[in-house]
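Please read the structure below before turning to the comments.
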Amino acid sequence: MLCATRYAIPKLHRFLLPSSNLLAFMPYTNRTRLCLLHSQPLPSRDAYKFDNVEDVVALFNCMVDMHPQPLIVELTKILGTVVKMKYYATAIYLYTQMESKGILPFSVTLNVLINCYGHAGQMGFALSVMSKFVKWGFKPSVVTFTTIMKGLCLNGKILDALDIYDKIVAKGFWFDEVIYGTLINGLCKSGKTRVALQRLWKMEDGLLDDALDLYFNMLDRGISPDVVTYTSLIYGFCHVGQWKEARLLLNEIVVKDIGLDVYTFNIIIDALCKEKMLLQAHILCDVMILRG
DNA sequence: GTAGGGTTAG
């Protein structure tokens, strides 16, 4: 079941305690170590190759059984760790365990849970967690709505995501680049790049002319599209073969000195390869290598 | 100092 080992502990701690948050964990580390060591037989040599997720699960299980109960903030951090490893179903399971032991979530925990359900293709549950917010006396935040929006996009319900966007506006939350990024990506993914631009433009109360005008307009409003937003749009244009627009956007990134990252490069190289433009793809590959 | 946005291939 679990392959917690004597050798796994230091590694586990390094993994879970990357920052100055060390102090918050200190009361639990020794107990955790004892728990892990006593619940499992000593490992064979092969046990060095353990799965990190299982270690995280082991830690979570230990903590959930502790008295006094650990802080929900700490449990939420561990859940977040599992999510970052993309083990969504596992995180959902852990949450269920936690709740069944009478440990109450707080707003961030619920946001994490919603994210998990979205990725697991269970938007029905994600939405019912929304109602739990009220039940537990918390208010859904802009993060909650953005997470729901992302989940809807992931599950092919782009129109519902746009409705959520309207709710964000109605709630009076101010826009930020993450909301834009989520929505733009969702729209571009569903092959509706034009709609994405129109929608963006509408957000900014302007007229749709072309992508360049749009970005200058956004800048004027104090919201600068970042590399994620650009990358999503480039993905959309590449996918419909509109190289001119893609190139224009790429040019903007360079002009604005926004760092291209591995996502951007991969998207463009992938598109070039699919268009059999291998020479250009190769050049970009070299650029990537040059930039380390 | 806890939560939300971007890719491909196999």
Side-chain angles (χ1 to χ4, degrees), chain A residues 16-25 70-84 86 88 91 95 98 104-119 126 129-130 132-133 136 138-154 158 161 164-165 167-168 171 173-190 193 196 200 223-239 246 249-250 253 258-275 281 284-285 288:
Chain A
L16 286 168
L17 309 170
S19 62
S20 56
N21 202 33
L22 191 79
L23 273 179
F25 254 104
L71 296 174
I72 181 62
V73 172
E74 303 306 331
L75 289 173
T76 302
K77 284 179 198 168
I78 301 180
L79 277 183
T81 305
V82 177
V83 169
K84 286 217 167 65
K86 299 189 197 298
Y88 303 108
Y95 174 85
M98 185 193 90
L104 299 184
F106 78 121
S107 53
V108 173
T109 325
L110 296 178
N111 285 340
V112 172
L113 188 61
I114 288 175
N115 191 21
C116 289
Y117 279 128
H119 279 275
V129 175
M130 275 275 275
K132 274 196 176 182
F133 264 87
W136 296 116
F138 302 114
K139 262 184 19 192
S141 68
V142 65
V143 173
T144 316
F145 284 111
T146 310
T147 311
I148 290 276
M149 232 167 66
K150 165 78 186 304
L152 290 168
C153 290
L154 276 177
I158 187 73
I164 296 290
Y165 169 79
K167 273 193 183 128
I168 294 177
K171 289 256 178 192
F173 292 120
W174 191 240
F175 311 118
D176 67 9
E177 67 279 11
V178 180
I179 300 173
Y180 277 118
T182 308
L183 202 49
I184 288 173
N185 185 257
L187 289 165
C188 288
K189 273 273 180 55
S190 44
T193 311
L200 238 181
I223 306 170
S224 331
D226 59 12
V227 65
V228 176
T229 307
Y230 277 116
T231 302
S232 295
L233 285 168
I234 288 174
Y235 172 89
F237 278 121
C238 283
H239 252 240
L249 290 165
L250 186 61
I253 299 185
I258 297 173
L260 290 175
D261 62 13
V262 65
Y263 281 83
T264 325
F265 275 109
N266 282 349
I267 285 168
I268 299 170
I269 291 173
D270 173 60
L272 287 170
C273 287
K274 282 172 180 157
E275 292 292 317
L284 272 183
C285 234
M288 271 182 97

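What you see is a predicted model; the values in this text were computed from it and never measured. Sequence lines set the chain letters: A, B, ... in the order given, protein chains first and strands last, and positions in each chain run from 1.
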Closest to the [X] side chain, choosing from [options]:
{"X": "A/Tyr263", "options": "B/dG5, B/dT8, B/dG6", "answer": "B/dG6"}
{"X": "A/Val108", "options": "B/dA3, B/dG5, B/dG6", "answer": "B/dA3"}
{"X": "A/Thr231", "options": "B/dA3, B/dT2, B/dG6", "answer": "B/dG6"}

So what does [X] touch, heavy atoms closer than 4.0 Å: a base, only the sugar-phosphate, or nothing?
{"X": "A/Phe265", "result": "nothing"}
{"X": "A/Val227", "result": "base"}
{"X": "A/Thr144", "result": "nothing"}
{"X": "A/Ser232", "result": "sugar-phosphate"}
{"X": "A/Thr182", "result": "sugar-phosphate"}
{"X": "A/Ser141", "result": "base"}

Exercise. Who passes side-chain hydrogen bond (donor to acceptor under 3.5 Å, both in side chains) against A/Tyr117, sequence neighbours left out?
Worked result: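 Here no residue qualifies.
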
Problem set entry | Which residues share a side-chain hydrogen bond (donor to acceptor under 3.5 Å, both in side chains) with A/Thr147, sequence neighbours left out | none

To the nearest Å, how far apart are [X] [atom1] and [N] [atom2]?
{"X": "A/His119", "N": "B/dA3", "atom1": "NE2", "atom2": "C1'", "result": "12 Å"}
{"X": "A/Lys86", "N": "B/dG4", "atom1": "NZ", "atom2": "P", "result": "11 Å"}
{"X": "A/Tyr235", "N": "B/dA9", "atom1": "OH", "atom2": "P", "result": "9 Å"}
{"X": "A/Met130", "N": "B/dG4", "atom1": "CE", "atom2": "C1'", "result": "13 Å"}
{"X": "A/Ile164", "N": "B/dG5", "atom1": "CD1", "atom2": "P", "result": "15 Å"}
{"X": "A/Tyr95", "N": "B/dA3", "atom1": "OH", "atom2": "C1'", "result": "14 Å"}
{"X": "A/Ile184", "N": "B/dG4", "atom1": "CD1", "atom2": "C1'", "result": "15 Å"}
{"X": "A/Leu233", "N": "B/dG5", "atom1": "CG", "atom2": "C1'", "result": "12 Å"}

Exercise. Residues in ring pair (Phe, Tyr, Trp, His ring centres under 6.0 Å) with A/Tyr263, at least two apart?
Worked result: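 Listed in chain order: nothing, the list is empty.
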
Problem set entry | Sequence-distant partners of A/Lys171, salt bridge (charged side-chain N to carboxylate O under 4.0 Å, His left out), two or more places apart | none

For this session: Tell me, please, which residues at least two apart from A/Lys274 pass salt bridge (charged side-chain N to carboxylate O under 4.0 Å, His left out).
Result: A/Asp270

For [N] and [X] - does any side-chain N or O of the residue sit under 4.0 Å from the phosphate oxygens OP1/OP2?
{"X": "A/Tyr180", "N": "B/dG6", "answer": "no"}
{"X": "A/Asn115", "N": "B/dG4", "answer": "yes"}
{"X": "A/Lys150", "N": "B/dG5", "answer": "yes"}

Just so I know, are the side chains of [X] and [Y] near enough to count as touching, which here means a heavy-atom distance under 4.5 Å?
{"X": "A/Val228", "Y": "A/Glu177", "answer": "no"}
{"X": "A/Asn266", "Y": "A/Met288", "answer": "yes"}
{"X": "A/Leu110", "Y": "A/Tyr95", "answer": "yes"}

For this session: Give a yes or no on whether a donor-acceptor pair under 3.5 Å exists between the nucleobase atoms of B/dG4, that is its base, and the side chain of A/Thr147.
Result: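 By the distance-only test, no, there is no pair.
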
Exercise. What about A/Thr264, does its side chain sit under 3.5 Å from the base of B/dG6 through a donor-acceptor pair?
Worked result: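 Side chain to base: pair found, below 3.5 Å.
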
Exercise. In residues 267-275 of chain A, which ones come under 4.0 Å of DNA chain B, going by heavy atoms?
Worked result: A/Ile267, A/Asp270, A/Lys274

